[in-house]
Amino acid sequence: MATGHYVDVGSSELTHLSPRSAQVLCALGEAFIGADFRQIVPFRRFVLDVDDLMNYQKTETREDLKTGLNAVQSMLLRWIGLGLFPPEWGRYTHLSLEKRQDILRRLQEGDSSNQRQFYMGFNNLICSSFYGDPASWTELQYEGVSVDDQCVLQGHRWRPDDARPVEKCDPAGPC
């Protein structure tokens, strides 16, 4: 997809991101995860989850993310001398998946530690958000938390709205 419009989300729904940065986030997500991203985790939910995650970050971290998303879209990466893509390619969200992945590959393999940190920052954010979504678990064949001693889970539900059953501990047992 090279249309530049990935998700319909309004500024009133977002606390930290802008609708423009949400488009860049989705374009990056698809480039990191692959073309089937949106079939597994809807872009709208992904963007709203990332926006919510930003509530738990320091102000500086939130600002760095917004600056990074703007840098990707506005092609600052090219203008500051990294030469990651030619001017005729246009805006990141309008590029083909292959070109977006090529830019990420160039960042990952870059000579500068800043380039590699830029890549890893986005990679960590996108992959942890994508693979943290239960919709991706089926694809991974992950069935959730598995422990031999179910007592460990008693009273410590890692997701309070988790519908999966948890076996009750036998009070006379090893709890």
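Computed from a predicted structure; not experimentally measured.
Atom CG of residue Leu69 and atom CG of residue Leu17 lie 6.5 Å apart, to the nearest 0.5 angstrom. The OH atom of Tyr92 sits 14.5 Å away from the CG atom of Asn70 when rounded to the nearest 0.5 Å. Annotation: the span from Gln73 atom CD to Ser21 atom OG amounts to 10.0 Å, rounded to 0.5 Å. Summarising the geometry, atom CG belonging to Asp49 is positioned 6.0 Å from atom CG belonging to Asp133; distances are rounded to the nearest 0.5 Å. If you take CD1 on Ile33 and CD on Gln101, they are separated by 10.5 Å, rounding to the nearest 0.5 Å. Rounding to the nearest 0.5 Å places CD1 of Ile40 at 9.5 Å from OG1 of Thr138.
Using the six-membered ring where Trp is involved, Phe32 and Tyr119 have ring planes that are tilted, between 30° and 60° apart. The aromatic rings of Phe37 and Phe46 sit perpendicular, their planes meeting at an angle over 60°, well past the 30° parallel limit.
Asp102 places no side-chain N or O within 3.5 Å of a backbone atom of Glu98 that could act as its donor or acceptor partner. Under the 3.5 Å distance criterion, the side-chain polar atoms of Asn55 are matched with a main-chain donor or acceptor of Asp52. The backbone N or O of His16 sits nowhere less than 3.5 Å from a side-chain atom of Arg62 that would complete a donor-acceptor pair. In terms of modelled atom types and a separation under 3.5 Å, the side chain of Arg44 and the main chain of Val7 share no donor-acceptor contact.
Residues Tyr56 and Val50 fall into different hydrophobic clusters, defined by Ile, Leu, Val, Met, Phe, Trp and Tyr side chains chained together at heavy-atom separations under 4.5 Å.
Considering every non-hydrogen atom in both Ser129 and Leu53, the closest pair reads OG-CD1, 3.4 Å. Shown here for Asp111 and Gln115, the closest heavy-atom pair between the two residues is N-OE1, 3.7 Å. What you find for Leu104 and Ala31 is that their closest heavy atoms are CD1-CB, 3.5 Å. Residues Pro19 and Ser11 share a closest heavy-atom pair of CG-N, 3.6 Å.
In terms of the salt bridge (charged side-chain N to carboxylate O under 4.0 Å, His left out) criterion, Arg20 has no residue partners (sequence neighbours excluded).
Side-chain contact, Ser113 with Arg116: no donor N or O sits under 3.5 Å from an acceptor N or O.
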Practice problem: Kindly determine whether Phe43 and Val9 satisfy side-chain contact (heavy atoms from CB on, under 4.5 Å), including the steps that lead there. | Solution: CA-CA 10 Å; Phe43 278 149; Val9 60; over 6 Å; no
Practice problem: Decide yes or no on side-chain contact (heavy atoms from CB on, under 4.5 Å) for Val72 and Thr93, but give the supporting numbers first. | Solution: CA-CA 9 Å; Val72 169; Thr93 56; over 6 Å; no
Self-check item: side-chain contact (heavy atoms from CB on, under 4.5 Å) evaluation trace for Glu30 with Leu97
Solution: CA-CA 7 Å; Glu30 190 175 53; Leu97 177 58; 4.1 Å; yes
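Within the 4.5 Å cutoff, side-chain heavy atoms of Val47 are placed close to those of Leu14. For the pair Val24/Tyr6, no side-chain contact is recorded, criterion being any heavy-atom separation below 4.5 Å from C-beta on. Side-chain atoms of Met54 and Lys66, non-hydrogen and from C-beta on, do get closer than 4.5 Å to each other.
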